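To keep things clear, I will list the structure first and then write my remarks on it.
Counting starts at 1 for both ligands and their atoms, following the listed order. This structure is a prediction, so every number in the text was calculated from the model and none was measured. Start at 1 with the first residue, then count along the sequence.
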Amino acid sequence: MNLEAIKQAVRQATRLCSEVQRKHLVSSAKGDRSPVTIADYGAQAIISRAISIAYPDDAIIAEEQGEQFLSLVTDEQRVRILKLLTNRLDVNVTQQDVVRWLDHGQGHDAVRTWIIDPVDGTKGFLRLAHYAIGVGYTENGKLKGGVMGTPGYRDGGALFFALDGKAYCEPLNGAEAERIAEQIHVSSRTVPEELHIVQSYEKAHTSKSRMQQVRELAGLDVSILDDLDSMEKYARVACGDADLYLRLPREDNPYSHNVWDHAAGAALVMAAGGMVTDIDGSPLDFSTGDKLPNKGMIVSNGHIHERVLTAVQEVMGEG
Ligand code: AMP
Ligand code: MG
């Protein structure tokens, strides 16, 4: 297997998202979520369609469903999505096509399952900042690889992928001949002052106070800290631009993480030589359907993992 069809679909999906940002953010300003809705359905339709053509017997777990597309989307949004897809795919796309693509492979069992997040980091998308499109895949419940498009990262956007235990980055756009994939590796940094740590931008998604306590306990309060939307945080650790991504649950929110927010990212970091564990040090478990049974994430270059895990356990043990 290669990932060419999926990489191509992720590229097309990021272009659809940019078009939505250019044309529809302007017309539906101020917190209106309709641009995200349009982009979500459009991007998932492109990716699921590509999987249905390249790997017709595979299963899919994805954020959106055809039924919601029919019931929750306004007539105006639906017309926009069809138009955007028709332009991007260069075929006449009907409402039935979109429903069929959105639902393709869902609720189905197969050796291989694709896990799709069509637009991750909604707030970043609306701010024209960082968001990602992620497609991971499992074989017999084990995370094997994936593709991630990060339009706001590096000059002109980046496309990351993990395949056969190796991770790569190539330019998201530009002429095909110039899109040369380079293998990427996590950093080898361990000196606290030199470390880059990334965490969620959204206050509601994680406990910033617990993460602050962990940094202090682990002696990493002198490290550089960035708040950033989306699974791009995983890509940054995978390519060595960041060394640690912490995601600790809030005390007041027993949130169940969706597999699609983590599959592509975790695959990248592991293939780049890093470590991805739950807050108790166990691996993330992608075999149980839509939700991860894991409570939080420690994502690192591996070299600092033990040190951070010890601090996390002390902080979480204290509740
Ligand atoms: P991030 O920007 O890393 O926080 O990731 C965005 C993702 O966080 C979204 O796609 C949501 O699925 C997920 N999310 C939403 N609410 C929560 C929450 N309360 N706790 C943890 N993650 C959440
Ligand atoms: Mg998401």
* Asked: Do you know which N/O/S atom name in Asp117 is closest to the Mg ion (ligand 2)?
  -> OD2

* Asked: How about Arg215 and Gln212: does a side-chain donor come under 3.5 Å of a side-chain acceptor?
  -> yes

* Looking only at heavy atoms, is any part of Asn253 under 4.0 Å from ligand 1, and if so is it the side chain, the backbone, or both, or is it neither? -> side chain

* Are Tyr234 and Tyr245 close enough that their ring centers fall under 6.0 Å? -> yes

* Asn258 contact mode with ligand 1 (heavy-atom cut-off under 4.0 Å) -> side chain

* What are the atoms of ligand 1, with element, lying closer than 4.0 Å to any heavy atom of Asp229? -> 2 (O)

* **cation_pi(Arg250, Tyr255) dist<6.0 Å, angle<=45** => no

* To do: Could you verify whether a donor N or O on one side chain and an acceptor N or O on the other, from Asn301 and Ser187, lie under 3.5 Å apart?
  => yes

* **Nearest candidate to atom 17 (C) of ligand 1, where distance is taken over non-hydrogen atoms, out of Tyr131, Tyr245, Trp260, Tyr255** => Tyr255

* Should Lys233 be counted as touching ligand 1, given the test is an N or O pair under 3.5 Å? -> yes

* Asked: Numbering the atoms of ligand 1 from 1, which are under 4.0 Å from a heavy atom of Ser200?
  -> 1 (P), 3 (O), 4 (O)

* What do you reckon, does Arg247 have a nitrogen or oxygen under 3.5 Å from a nitrogen or oxygen of ligand 1? -> yes

* Which is it for His205 and ligand 1 at heavy atoms under 4.0 Å: side chain, backbone, both or neither? -> both

* Could you check whether the rings of Tyr55 and Trp114 sit parallel, tilted or perpendicular, using 30° and 60° as the cut-offs? => parallel

* Side-chain donor-acceptor contact under 3.5 Å, Gln44 with Glu63 -> no

* Apex the Mg ion (ligand 2); atoms Asp261 OD1 and Asp120 OD1; angle rounded to 10 degrees -> 90°

* Can you list the ligand 1 atoms lying under 4.0 Å from a non-hydrogen atom of Ala204? -> 18 (C), 19 (N)

* For residues Ser200 and Arg247, is any side-chain donor paired with an opposing acceptor at under 3.5 Å? -> yes

* Examine Lys142 relative to Phe286 and say whether NZ or CZ is less than 6.0 Å from the centre of the six-membered ring and inside a 45° cone about the ring axis. => no

* **Thr94 vs Asp97, side-chain hydrogen bond (donor to acceptor under 3.5 Å, both in side chains): CA-CA, chis, key distance, verdict** => CA-CA 5 Å; Thr94 67; Asp97 292 329; 3.1 Å; yes

* Taking atom 2 (O) of ligand 1 as the reference point, the nearest protein heavy atom with its distance -> Ser230 N, 2.8 Å

* If you measure only the distance, is there a donor-acceptor pair under 3.5 Å linking the side chains of His305 and Ser300? -> yes

* Structure fact -> atom 12 (O) of ligand 1 has as its nearest protein heavy atom Asp261 OD2, 2.5 Å

* Between Val198, Val119, Asp120, which one has a non-hydrogen atom sitting closest to atom 9 (C) of ligand 1? -> Asp120

* **Short N or O distance, His257 and ligand 1, threshold 3.5 Å exclusive** => no

* Does Glu63 bring an N, O or S atom to within less than 2.8 Å of the Mg ion (ligand 2)? -> no

